[in-house]
There are 2 protein chains.
Amino acid sequence: MSLEQQPVKEHRRTRQRAAVDEVLEETEDFISAQDLHAILRSRGMSVGLATVYRTLQTLADNGDVDVLHTAGGEAAYRRCAREGHHHHLVCRSCKATVEVAGPAVERWTSSVAKEHGYTDVAHTLEIFGTCPRCAQG
Amino acid sequence: MSLEQQPVKEHRRTRQRAAVDEVLEETEDFISAQDLHAILRSRGMSVGLATVYRTLQTLADNGDVDVLHTAGGEAAYRRCAREGHHHHLVCRSCKATVEVAGPAVERWTSSVAKEHGYTDVAHTLEIFGTCPRCAQG
DNA sequence: CCCAATTTTGACAATCGTTGTCAGTTTTCA
DNA sequence: TGAAAACTGACAACGATTGTCAAAATTGGG
Ligand SMILES: [Zn+2]
Ligand SMILES: [Zn+2]
Ligand SMILES: [Zn+2]
Ligand SMILES: [Zn+2]
């Protein structure tokens, strides 16, 4: 067995990371690296695109933000309120997100996996739909 | 029986499509467009990469094959035995796939969506793990 | 069988999100 | 304060996928 410690990669406090953090903090919905970078630029904050990518990647690795892969194949990030494992109900058009927990689903996935002898199990689950606001207004 | 109008985009029978179909038919696990193309080439069957992409895309659109987005961000395709809506338990290393149905999950996702007023709901759910064979040998 | 309309093909360029490079900059801490 | 260590950013590189468009193949008549 290999006991893996959490990879605390974020050691140093830099203005770039603070900037990314700030945007994440005030952004309610999932946002892509590119979009976050655009926001920073529009605010006159100069942060390299690569740095934005790296920072988000690290935050995701450390579990500080959730990652979602959109239909278009791009990664979107979000700092969620809920702490433990959970999933998302996301509006296809405006990205409005609801955090949802489904203990039954978690149990089901592990039982299915175990049933077939699969180990080291993980799963991805996202629910997409049209939110009430976008549905009609 | 329910009459569902299928977008029959595949009109013509060409050797290229037959070739792609053949590989899909004999391939048990999910396979990417690139890998399928490589197999065709290795067999001396000349089929353009773009054609492989287009063919798989069309098959997926018509619901003839299932699509899976791997961790590496590439699409993988599979002709499944099960007909209705279902999910997959996939081995991370060898791609060995088990088709699974989870009526409870389906119910849960729609109830959660309805609960928050979301409509036109869909969901993605994939279970990843290490299959028994890869686990030890 | 032959043809013209229509669809499909494939080599190649182009796009797009993302990662690698690496010299110069910043942070940390002894 | 003085490095060692981590971080940054401009830019190149990358890999998967899509767009282009002339040439080739399929189809349904005639
Ligand atoms: Zn979340
Ligand atoms: Zn919405
Ligand atoms: Zn399937
Ligand atoms: Zn396996």
Side-chain angles (χ1 to χ4, degrees), chain A residues 5-24 30-62 64-78 95 124 126, chain B residues 6-24 30-62 64-78 95 126:
Chain A
Q5 305 296 355
Q6 18 235 45
V8 184
K9 293 180 180 177
E10 297 235 349
H11 288 118
R12 307 188 169 178
R13 267 55 82 53
T14 67
R15 72 169 179 79
Q16 290 86 347
R17 288 177 185 181
V20 170
D21 269 348
E22 194 183 315
V23 174
L24 283 174
F30 277 91
I31 184 173
S32 71
Q34 307 260 11
D35 287 350
L36 201 158
H37 179 247
I39 289 179
L40 289 176
R41 303 223 79 184
S42 75
R43 292 183 185 176
M45 311 194 69
S46 173
V47 178
L49 179 57
T51 299
V52 173
Y53 269 103
R54 277 187 300 239
T55 303
L56 288 173
Q57 187 64 62
T58 304
L59 286 172
D61 288 348
N62 291 6
D64 295 326
V65 298
D66 282 359
V67 192
L68 171 68
H69 286 86
T70 72
E74 58 188 333
Y77 304 83
R78 180 177 194 266
K95 299 282 175 60
T124 64
E126 303 291 346
Chain B
Q6 297 203 355
V8 184
K9 292 180 180 177
E10 298 232 351
H11 287 119
R12 305 189 171 181
R13 270 59 83 50
T14 65
R15 73 170 178 78
Q16 289 87 343
R17 289 177 184 178
V20 170
D21 269 348
E22 194 184 316
V23 174
L24 283 174
F30 277 92
I31 185 173
S32 70
Q34 306 262 10
D35 287 352
L36 200 157
H37 179 247
I39 288 179
L40 289 176
R41 301 223 79 183
S42 75
R43 293 186 184 175
M45 311 194 69
S46 174
V47 178
L49 179 57
T51 299
V52 172
Y53 269 102
R54 276 185 303 238
T55 304
L56 289 173
Q57 187 64 62
T58 304
L59 287 172
D61 289 348
N62 291 8
D64 295 325
V65 298
D66 282 359
V67 192
L68 172 68
H69 286 87
T70 72
E74 56 187 336
Y77 305 81
R78 180 177 194 265
K95 300 281 174 58
E126 301 291 347

Hey, does A/Asp64 have a side-chain heavy atom less than 4.5 Å from the side chain of A/Thr58?
->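 No. Closest side-chain heavy atoms not under 4.5 Å.
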Side chain of B/Arg17 only, please: which of D/dC7, D/dA16, C/dT9 is the nearest?
->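 Selected nucleotide: C/dT9.
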From the list D/dT8, D/dG19, C/dT6, which nucleotide is the closest neighbour of the side chain of B/Arg12?
->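 When the side chain of B/Arg12 is considered, C/dT6 is the closest of D/dT8, D/dG19, C/dT6.
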[X] [atom1] to [N] [atom2]: how many Å, rounded?
X	N	atom1	atom2	value
A/Gln57	D/dA6	CD	P	19 Å
A/Leu49	D/dG9	CG	P	11 Å
A/Asp61	C/dT18	CG	P	14 Å
B/Tyr53	C/dT8	OH	C1'	19 Å
B/Arg13	D/dA24	CZ	C1'	18 Å
B/His11	C/dT8	NE2	P	7 Å
B/Ile31	D/dA16	CD1	C1'	15 Å
B/His37	D/dA16	NE2	P	13 Å

Shortest non-hydrogen contact from [X] toward [Y]:
X	Y	result
B/Ala75	B/Val67	CB-CG1, 4.1 Å
A/Leu56	A/Tyr77	CD1-CD1, 3.6 Å
B/Leu49	B/Ala33	CD1-O, 4.4 Å

With a non-hydrogen cut-off below 4.0 angstrom, is [X] in contact with a base, only sugar-phosphate, or nothing?
X	result
B/Ser32	nothing
A/Gln34	base
A/Thr14	sugar-phosphate

May I ask you to verify if any side-chain N or O of B/Gln16 is less than 4.0 angstrom from the OP1 or OP2 atom of C/dG10?
->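 It does, given that an N or O in the side chain of B/Gln16 lies less than 4.0 Å from OP1 or OP2 of C/dG10.
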Output the distance between atom CZ (B/Arg78) and atom NZ (B/Lys95), rounded to the nearest 0.5 Å.
->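 Output value for this atom pair is 12.5 Å.
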With no angle test and no hydrogens, is the base of C/dG10 tied to the side chain of B/Arg54 by a donor-acceptor pair under 3.5 Å?
->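 Looking at the base of C/dG10, it does pair with a donor or acceptor on the side chain of B/Arg54 (distance under 3.5 Å).
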With nearest nucleotides of DNA chain D determined for B/Ala50 and A/Arg15 from heavy-atom distances, which residue corresponds to the more 5′ nucleotide?
->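 The residue mapped nearer the 5' terminus is A/Arg15.
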